[in-house]
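The next block holds one structure in the form of structure tokens; read it before the comments.
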Amino acid sequence: MLSRRQKHILLKFFSLFSVVRGYNILVVVIAQYLASIYIFAPEKPLGAVLFDINLLMLVLASSATIAAGYIINNFYDSEKDLINRPRKTMLDRLVSQNTKLSFYFVLNFLAIVFASYVSFKAVIFFAVYIFAIWLYSHRLKKQPMTGNLVSAILTVIPFFAIFIYYRNFELVIFAHAIFLFLLVSMRELTKDLENIKGDLALDYKTVPVVYGEKTSKLMLTVLAILTIISGIVLILFFKIGHMYYFFYLSVMLLVLFLLIVWKSNKKIHYLLLHNILKFIIVAGVFSILLIDVSVVLNRL
């Protein structure tokens with residue numbers, strides 16, 4: 001049996017894990033490595049990618065920066081989250097704001113340390129990334145359109161760091177990036193619809209608050225159609241191995257998304273739409289393995 005103190009420490013750990021969304025960071029780490037193996041550096045031996053210290057440092061710097069970003073976002077959104085996510089907020093509040101801010105500065109410092117191992121350019125890259133996340137959380141996220149666009153860009157940036165490191169400028173990489181960017185943009189707008197109650201209460205100028213639900217749904221429809229088109233382009237014009245199964249599934253789910261979105265008028269409906277997009281994004285990460293399993297086996 002755990003003592004009362006041990007239970008308290010365990011609860012604080014889960015609280016901090018909830019704040020930094022450790023499960024999301026784990027998915028990003030897996031995505032960065034799979035993208036490196038299959039997309040960014042397919043010509044390199046598997047061991048050379050997996051045991052590349054520079055790549056590891058870039059992944060660690062990305063993880064630390066993202067975790068710090070979730071903390072500062074949680075700090076600024078604490079009142080809104082109390083309205084939109086009361087249960088999660090109660091868990092998050094087991095760790096004091098001062099403790100969260102301390103972790104925020106420690107994680108950003110570690111990100112710079114990790115980046116410094118790679119190069120001075122990497123330090124500048126992550127310093128700008130850290131500042132951009134703070135600016136987004138502090139000011140930009142409360143602005144319609146701008147907040148959604150910046151959030152989507154910030155989500156893709158960790159992969160951009162790996163892209164720059166490997167200097168692979170093949171067109172297929174940009175095609176994947178566009179598909180991911182459009183999906184993330186859809187997710188951000190869907191989250192705004194899901195959280196409209198808290199945004200209204202605290203005067204966040206999101207797209208649904210400023211332009212209304214109908215306009216937001218119209219924008220989601222356009223984004224979904226563009227995402228479907230980008231998925232079809234990847235299937236028809238690029239060598240993606242058996243990953244085409246994922247894109248066929250994505251197209252079907254996005255069509256389902258379009259059917260649901262225009263009938264949605266409650267938070268639970270938007271939560272369902274949000275989960276559909278999250279599933280597509282996470283499934284996309286692991287479906288990278290389908291590009292060519294034999295290539296990985298041969299590179300062992």
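- Shown here is Phe279, whose CZ atom has no more than 12 heavy atoms of other residues, nucleotides or ligands within 6.0 Å.
- The two residues Leu46 and Ile37 have their closest heavy-atom pair at CD1-CD1, 3.6 Å.
- In this model, no donor atom of one side chain and acceptor atom of the other lie less than 3.5 Å apart for Asn73 and Tyr136.
- Annotation: side chain of Lys267 is in contact with side chain of Glu194 (closest heavy-atom distance under 4.5 Å).
- Between the Ser119 side chain and the Ala122 main chain, a donor and an acceptor come within less than 3.5 Å of each other.
- Considering all non-hydrogen atoms of both residues, Ser287 and Phe246 come closest at OG-CG, 3.3 Å.
- Side chains of Tyr270 and Asn195: a donor-acceptor N/O pair is absent below 3.5 angstrom, by distance only.
- When all heavy atoms are compared, the tightest approach of Val184 to Ala152 is CG1-CA, 3.6 Å.
- Residues Val113 and Tyr117 form no side-chain contact, since every pair of their non-hydrogen atoms from C-beta on lies 4.5 Å or further apart.
- The shortest distance between side-chain heavy atoms of Thr190 and Phe257 falls below 4.5 Å.
- With Tyr129 contributing its side chain and Leu154 its backbone, the two residues share a donor-acceptor pair below 3.5 Å.
- Pairing each heavy atom of His176 with each of Ile240, the nearest pair is NE2-CG2, 4.0 Å.
- Minimum heavy-atom separation, Tyr104 to Ala68: CD1-O, 3.2 Å.
- For CZ of Phe181, the number of neighbouring non-hydrogen atoms (other residues, nucleotides, ligands) closer than 6.0 Å is greater than 12.
- Under the 4.5 Å side-chain heavy-atom criterion for ILVMFWY residues, a single connected hydrophobic cluster contains both Phe120 and Val128.
- In this structure, the side chains of Phe160 and Ile153 stay at 4.5 Å or more apart for every pair of heavy atoms.
- Shortest non-hydrogen contact noted between Pro208 and Ile196 is CB-CD1, 3.7 Å.
- Neither side chain, Lys141 nor Asn148, offers a donor N or O lying under 3.5 Å from an acceptor on the other.
- A heavy-atom distance below 4.5 Å is found between the side chains of Trp262 and Thr221.
- Within a 6.0 Å sphere centred on CD of Glu170, heavy atoms belonging to other residues, nucleotides or ligands number 12 at most.
- In this structure a side-chain-to-backbone donor-acceptor pair under 3.5 Å is missing from Ser151 to Gly147.
- Looking at Lys217, its side chain does come within 3.5 Å of a backbone N or O of Ser264 through a donor-acceptor pair.
- A continuous path of ILVMFWY side-chain contacts below 4.5 Å connects Phe237 to Leu171, so both sit in one hydrophobic cluster.
- Between the side chain of Gln32 and the main chain of Pro158, a donor-acceptor pair closer than 3.5 Å is present.
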Step-by-step side-chain contact (heavy atoms from CB on, under 4.5 Å) determination, Asn54 to Leu58: CA-CA 6 Å; Asn54 286 337; Leu58 289 174; 5.5 Å; no
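- Among Tyr166, Phe238, Phe163, Phe159, the one residue that satisfies the side-chain contact (heavy atoms from CB on, under 4.5 Å) test with Ile173 is Phe163.
- A donor-acceptor pair is defined here as one N or O able to donate and one able to accept, closer than 3.5 Å; such a pair exists between the side chain of His269 and the backbone of Asn265.
- Glu188 CD to Leu193 CG: the interatomic distance, rounded to the nearest 0.5 Å, is 12.0 Å.
- Other residues, nucleotides and ligands place no more than 12 heavy atoms under 6.0 Å from the CD1 atom of Ile268.
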